[in-house]
Engineer: 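My structure is below; once you've seen it, I'll send some questions.
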Amino acid sequence: PLPLDEDQDAKYNWDFNDTFNFKYEIGLAPEFEVPFNAETEFTEYDIKADEATLAERIKNLRRSYGKMTNPEVSEEGDVLYAALKQDKEEGIEKTTSVRTDIIEDAKIKKSLVGLKKDDTVKIDVKKAFKVADLARILGITEDEAEALDVTKFELTVKNINRLEESDLNQEFFDKLFPAGEVTTEEQFNEKVTEEVENLFKQNSAQK
């Protein structure tokens, strides 16, 4: 029961009033039919991991336990710590990290390969990034990113960061599994396959 305020300014005097008005909010469960019974048969799917899925999972694991390096020349997939300056007077200036793997325009992505520290290129940020990514990179709202009047920015490289994938060695295996349980690349692949397919079993059971 909720007090019914016909006059929003009225205050209830709980000690002296004899009459109170209340309203009730009622939720009704809808009627439904169960479209199966104890004899209904269902298909249980035994989903196998394909090579592409396994390769992507292994790559992610190796990157998770990889190390950060600072190469002299940029490659695709690097993170550029760079100064961005809008191509107009009193425009936006921001020094930030730019992930090249999220750039959507192939031509712009290619222009960021082969750069060294202090190299400068001009890019169209609207073509390069989704609005949400652009807003995060420039430190502005998504509405402001959408409304940018000048989308050409000068990008000057300050540093190049690269995440090197971990080697497939015993040290790496022991970080993922109990020490000594996995000693070869073949055993590692089997373990990853088992892990991925166990996730698929959960999806199959839910289906």
Side-chain angles (χ1 to χ4, degrees), residues 27-71 73-81 96-114 123 125-138 141-142 145-146 160-207:
L28 302 177
E31 293 184 2
F32 65 94
E33 295 182 0
V34 179
F36 53 85
N37 55 43
E39 284 72 40
T40 305
E41 292 185 352
F42 297 93
T43 300
E44 180 179 10
Y45 295 94
D46 184 17
I47 308 171
K48 299 299 182 184
D50 61 3
E51 291 184 5
T53 301
L54 291 176
E56 184 66 22
R57 178 57 179 158
I58 290 172
K59 180 180 180 180
N60 288 338
L61 287 171
R62 293 179 68 180
R63 287 175 66 87
S64 296
Y65 291 89
K67 61 181 179 180
M68 191 66 73
T69 61
N70 302 111
V73 182
S74 66
E75 294 180 0
E76 188 171 337
D78 288 345
V79 177
L80 303 179
Y81 186 67
T96 185
S97 294
V98 177
R99 285 176 48 195
T100 59
D101 61 333
I102 66 171
I103 293 176
E104 299 195 308
D105 186 273
K107 188 176 181 180
I108 295 175
K109 182 179 290 188
K110 186 177 180 180
S111 72
L112 299 181
V113 172
I123 64 172
V125 293
K126 274 281 190 74
K127 290 182 179 179
F129 305 104
K130 294 179 180 177
V131 171
D133 291 329
L134 179 57
R136 175 179 51 78
I137 290 169
L138 295 180
T141 67
E142 291 189 21
E146 187 71 56
I160 301 169
N161 300 314
R162 181 178 302 160
L163 184 60
E164 301 279 3
E165 294 182 3
S166 174
D167 294 328
L168 292 173
N169 55 26
Q170 195 59 49
E171 181 183 1
F172 173 62
F173 298 151
D174 289 344
K175 289 178 180 178
L176 293 170
F177 309 102
E181 182 175 298
V182 173
T183 58
T184 66
E185 188 174 338
E186 183 181 1
Q187 290 176 332
F188 170 70
N189 290 337
E190 290 175 356
K191 282 287 187 181
V192 174
T193 301
E194 181 181 350
E195 175 203 35
V196 172
E197 290 185 351
N198 280 338
L199 292 175
F200 290 161
K201 287 178 180 178
Q202 296 177 24
N203 294 339
S204 179
Q206 292 166 358
K207 177 69 174 179

Engineer: Looking at every heavy atom in both Ser74 and Ile160, which two are closest together, and how far apart are they?
Structural biologist: N-CD1, 3.5 Å
Engineer: Does atom CD of Glu76 have more than 12 heavy-atom neighbours, drawn from other residues, nucleotides or ligands, at distances under 6.0 Å?
Structural biologist: no
Engineer: Report yes or no: does Lys110 contribute a side-chain atom to a donor-acceptor pair with the main-chain N or O of Asp105 at less than 3.5 Å?
Structural biologist: no
Engineer: Are the side chains of Asp46 and Phe200 in contact, using a 4.5 Å heavy-atom criterion?
Structural biologist: no
Engineer: State whether the side chain of Asn198 and the backbone N or O of Lys201 hold a donor-acceptor pair below 3.5 Å, judged by distance alone.
Structural biologist: no
Engineer: Check whether the side chains of Asn161 and Asn70 place a donor and an acceptor atom closer than 3.5 Å, and report yes or no.
Structural biologist: yes
Engineer: Under a 3.5 Å distance rule, please check whether Thr69 uses its side chain to pair with a backbone N or O of Arg162 as donor and acceptor.
Structural biologist: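 Flag set: sc Thr69 to bb Arg162 pair under 3.5 Å.
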Engineer: Short question: side chain of Glu197, backbone of Ala49 - any donor-acceptor pair under 3.5 Å?
Structural biologist: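 Yes, because the side chain of Glu197 sits within donor-acceptor range (under 3.5 Å) of the backbone of Ala49.
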Engineer: Within the 4.5 Å heavy-atom criterion, are Lys127 and Glu104 side-chain neighbours or not?
Structural biologist: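 Result no, sub-4.5 Å side-chain heavy-atom pair not found.
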Engineer: Output the distance between atom CZ (Phe129) and atom CD1 (Ile102), rounded to the nearest 0.5 Å.
Structural biologist: 5.5 Å
Engineer: Do any N or O atoms from the side chain of Thr193 and from the backbone of Asn189 form a donor-acceptor pair under 3.5 angstrom?
Structural biologist: yes
Engineer: Enter the distance from Glu56:CD to Leu61:CG here, rounded to the nearest 0.5 Å.
Structural biologist: 10.5 Å
Engineer: Flag the pair Val182 / Leu176 as yes when at least one side-chain heavy-atom distance between them is below 4.5 Å, and no otherwise.
Structural biologist: no
Engineer: Is there a donor-acceptor contact under 3.5 Å from the side chain of Thr100 to the main chain of Asp78?
Structural biologist: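 Yes; judged by distance alone, with no hydrogens or angles, the pair exists.
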Engineer: Over all heavy atoms of both residues, which pair between Ser97 and Tyr81 is shortest? Give the atoms and the distance, please.
Structural biologist: OG-CD1, 3.8 Å
Engineer: Would you compute the distance between atom CZ of Phe172 and atom CZ of Phe188 and round it to the nearest 0.5 angstrom?
Structural biologist: 4.0 Å
Engineer: For Glu185, does the CD atom sit with more than 12 other heavy atoms under 6.0 Å from it, leaving out its own atoms?
Structural biologist: no
Engineer: Please name the pair of heavy atoms, one in Lys191 and one in Phe177, separated by the smallest distance, quoted to 0.1 Å.
Structural biologist: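 Closest pair (atom of Lys191, atom of Phe177, distance): CB-CZ, 3.5 Å.
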Engineer: Please answer whether the main-chain N or O of Ile108 pairs with a side-chain N or O of Ser111 as donor and acceptor at a distance below 3.5 Å.
Structural biologist: yes
Engineer: State plainly whether the residues Arg99 and Asp101 are in salt-bridge range, i.e. N to O under 4.0 Å.
Structural biologist: yes
Engineer: Heavy-atom count check: over 12 atoms from other residues, nucleotides or ligands less than 6.0 Å from Tyr45 OH?
Structural biologist: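 Not more than 12 within 6.0 Å, no.
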Engineer: Say whether Gln187 and Thr183, considering side chains only, have a donor N or O and an acceptor N or O under 3.5 Å apart.
Structural biologist: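 Side-chain D/A pair, Gln187 to Thr183: present.
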Engineer: At their closest point, which heavy atom of Tyr65 faces which heavy atom of Ser166, and how far apart are they?
Structural biologist: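 Closest approach of Tyr65 to Ser166, heavy atoms only: O-CB, 3.5 Å.
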Engineer: State whether the number of non-hydrogen atoms from other residues, nucleotides or ligands found under 6.0 Å of Lys175 atom NZ is greater than 12.
Structural biologist: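 More than 12 within 6.0 Å, yes.
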Engineer: Contact between Ile58 and Arg62 at the side-chain level, heavy atoms closer than 4.5 Å - yes or no?
Structural biologist: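 They are in contact (side-chain heavy atoms under 4.5 Å apart), so the answer is yes.
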Engineer: In Å and rounded to the nearest 0.5 Å, what is the OG1 to CD distance from Thr184 to Gln170?
Structural biologist: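 Separation between the atoms: 9.0 Å.
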Engineer: Between Gly114 and Val73, what is the shortest heavy-atom contact and its length?
Structural biologist: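 Of all heavy-atom pairs spanning Gly114 and Val73, the closest is CA-CG1, 3.5 Å.
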